[in-house]
Enquirer: 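Quick one: structure below, then a few questions.
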2 protein chains.
Amino acid sequence: MATKTTKDRLLDEAELLCQTRGFNAFSFKALAEALEIKTASVHYHFPTKADLGLALVQRYRERFESQVARVSSGRSSRDRIASYVDIFARLARSHRLCLCGSLAGDFATLSDEVQGEVRDYFAASEAWLEGVLEAGRTAGEVSFQGEARATSRVLIGMLEGTMLSARASGSPNRLRDTKRWILDFLAVPTP
Amino acid sequence: MATKTTKDRLLDEAELLCQTRGFNAFSFKALAEALEIKTASVHYHFPTKADLGLALVQRYRERFESQVARVSSGRSSRDRIASYVDIFARLARSHRLCLCGSLAGDFATLSDEVQGEVRDYFAASEAWLEGVLEAGRTAGEVSFQGEARATSRVLIGMLEGTMLSARASGSPNRLRDTKRWILDFLAVPTP
DNA sequence: GGTTGCCTGCCTATGTATAGGTAGGTATGG
DNA sequence: CCATACCTACCTATACATAGGCAGGCAACC
């Protein structure tokens, strides 16, 4: 495989900084210094910061979707959900937020296009989890009350939110507890 | 009552901007313009932005604690929790995040003192809710499995997180659904 | 096979606006 | 007199961005 292009390295660094510090807390200068190039060269690859943000969220969503697709193949609904939560747990352990969760915090300062991508990220995630929950309930693999959509939404909120509080509490491993709680919550009662 | 001091008006404006845009997305200039004074006058009240951040989070926590104290008086655990969730629902409806949730997103960029306050906010909230859950379970007013501390943490994460996704989805009223879900979740099964 | 010409990726240099902060002065009122 | 609360004026650093140049690759063409 070819070594990474500068563009990809810029996106890697921007993603790290956005997830650890926030979109408004890193600059083209910070990116340039990390790659040991000049800020003008960063502008060559991404004319404006809005362009960078858009590329960032699009790449993130693509990778996220492909992770979710891998999670979706084959196994039980319960396993899918466990693996899905693991995606977030891994992020938290490396002291990162979900990129779109981080961007949601800065939502009002984002370009319309980036706002749209973040909105779509949540809609897509909620729809995916809703599907898994509904299918799992039909198959008797998971149990919960009420509409799958409502549970899907609160569980995704829970993941985004516990990443926040885990960070503030200096407990990057706390998502393990969230995972256990969710799996217990969804457990089918043994009669 | 006396008309508000400039200091309080500055804190009001900073709180609004922090909750709607993020701590790193507003400036002394923005505060000064909102109050129609000069930036140097803002520095008179808050020498540095870290000082402002500290005053902001301390005042927020005080008010939050007093709201929680009001919620805590008298009624059932279930009612307390419902009223507690309403605090967040009101914020979301006015297009604001929880201040400490917002600050948690920018956590790495905050001064040590502000980080400490944010950490303490989460610890205090989790402890309070844990107590209400535990007492409620003992009194037979609410029902849930496992440790109260674990449920307390995930529910607070859920509140913080659904505020984020509600904003990104353009659905500031969605916290109503979160409230309903939580109350259903805690409902004591009727035999 | 040299030369022409374009493309990529980086550079220097520069510009405008903002961010956070400081020094020192002034008006007002107990 | 002195504290409060505001001001003018200024500073340095940064943020984002643009213009224009240059080196190397590579492909076409005679």
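Since we're looking at a predicted model, the values are computed, not measured. Proteins get letters first, then strands, A, B, ... in listed order; numbering begins at 1 in each. Just so you know, these numbers use all the heavy atoms, side chains as well, and skip hydrogens, waters and symmetry mates.
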Enquirer: How are the rings of A:Tyr121 and A:Phe64 set to each other: parallel, tilted or perpendicular (split at 30° and 60°)?
Expert: perpendicular

Enquirer: So which protein nitrogen or oxygen atoms get under 3.5 Å of nucleotides 7-13 of chain D's nitrogens or oxygens?
Expert:
from	atom 1	to	atom 2	distance (Å)
D:dC7	OP2	B:Lys38	N	3.0
D:dC7	OP2	B:Ser41	OG	2.5

Enquirer: What pairs of residues pass the salt bridge (charged side-chain N to carboxylate O under 4.0 Å, His left out) test when at least one of them lies in residues 151-166 of chain B, not counting sequence neighbours?
Expert: B:Glu126-B:Arg153

Enquirer: In whole angstrom, what separates A:Phe46's CZ from D:dT18's P?
Expert: 15 Å

Enquirer: A:His45 NE2 to D:dA17 C1': how many Å, rounded?
Expert: 16 Å

Enquirer: Is the shortest heavy-atom distance from the side chain of B:Leu97 to the side chain of B:Leu91 under 4.5 Å?
Expert: no

Enquirer: Once you measure the plane-to-plane angle for B:Trp181 and B:Phe185, does it fall in the parallel (<30°), tilted (30-60°) or perpendicular (>60°) bin?
Expert: parallel

Enquirer: Hey, is the main chain of A:Leu56 close enough, under 3.5 Å, to the side chain of A:Glu15 for a donor-acceptor pair?
Expert: no

Enquirer: Closer than 3.5 angstrom, by distance alone: can the side chain of A:Thr20 be matched with the main-chain N or O of A:Leu16 as a donor-acceptor pair?
Expert: yes

Enquirer: Looking at A:Arg80 and A:Val132, what are the two nearest heavy atoms and their distance?
Expert: CB-CG1, 4.2 Å

Enquirer: Is it the case that the side chain of B:Asp106 and the backbone of B:Leu103 share a donor-acceptor pair, with hydrogens and angles ignored and the cut-off at 3.5 Å?
Expert: no

Enquirer: Please list, in 5' to 3' order, the outermost nucleotides of DNA chain C lying under 4.0 Å from any heavy atom of chain A.
Expert: C:dT8 to C:dT12

Enquirer: What's the CG-P distance between A:Asn24 and D:dT14, to the nearest Å?
Expert: 18 Å

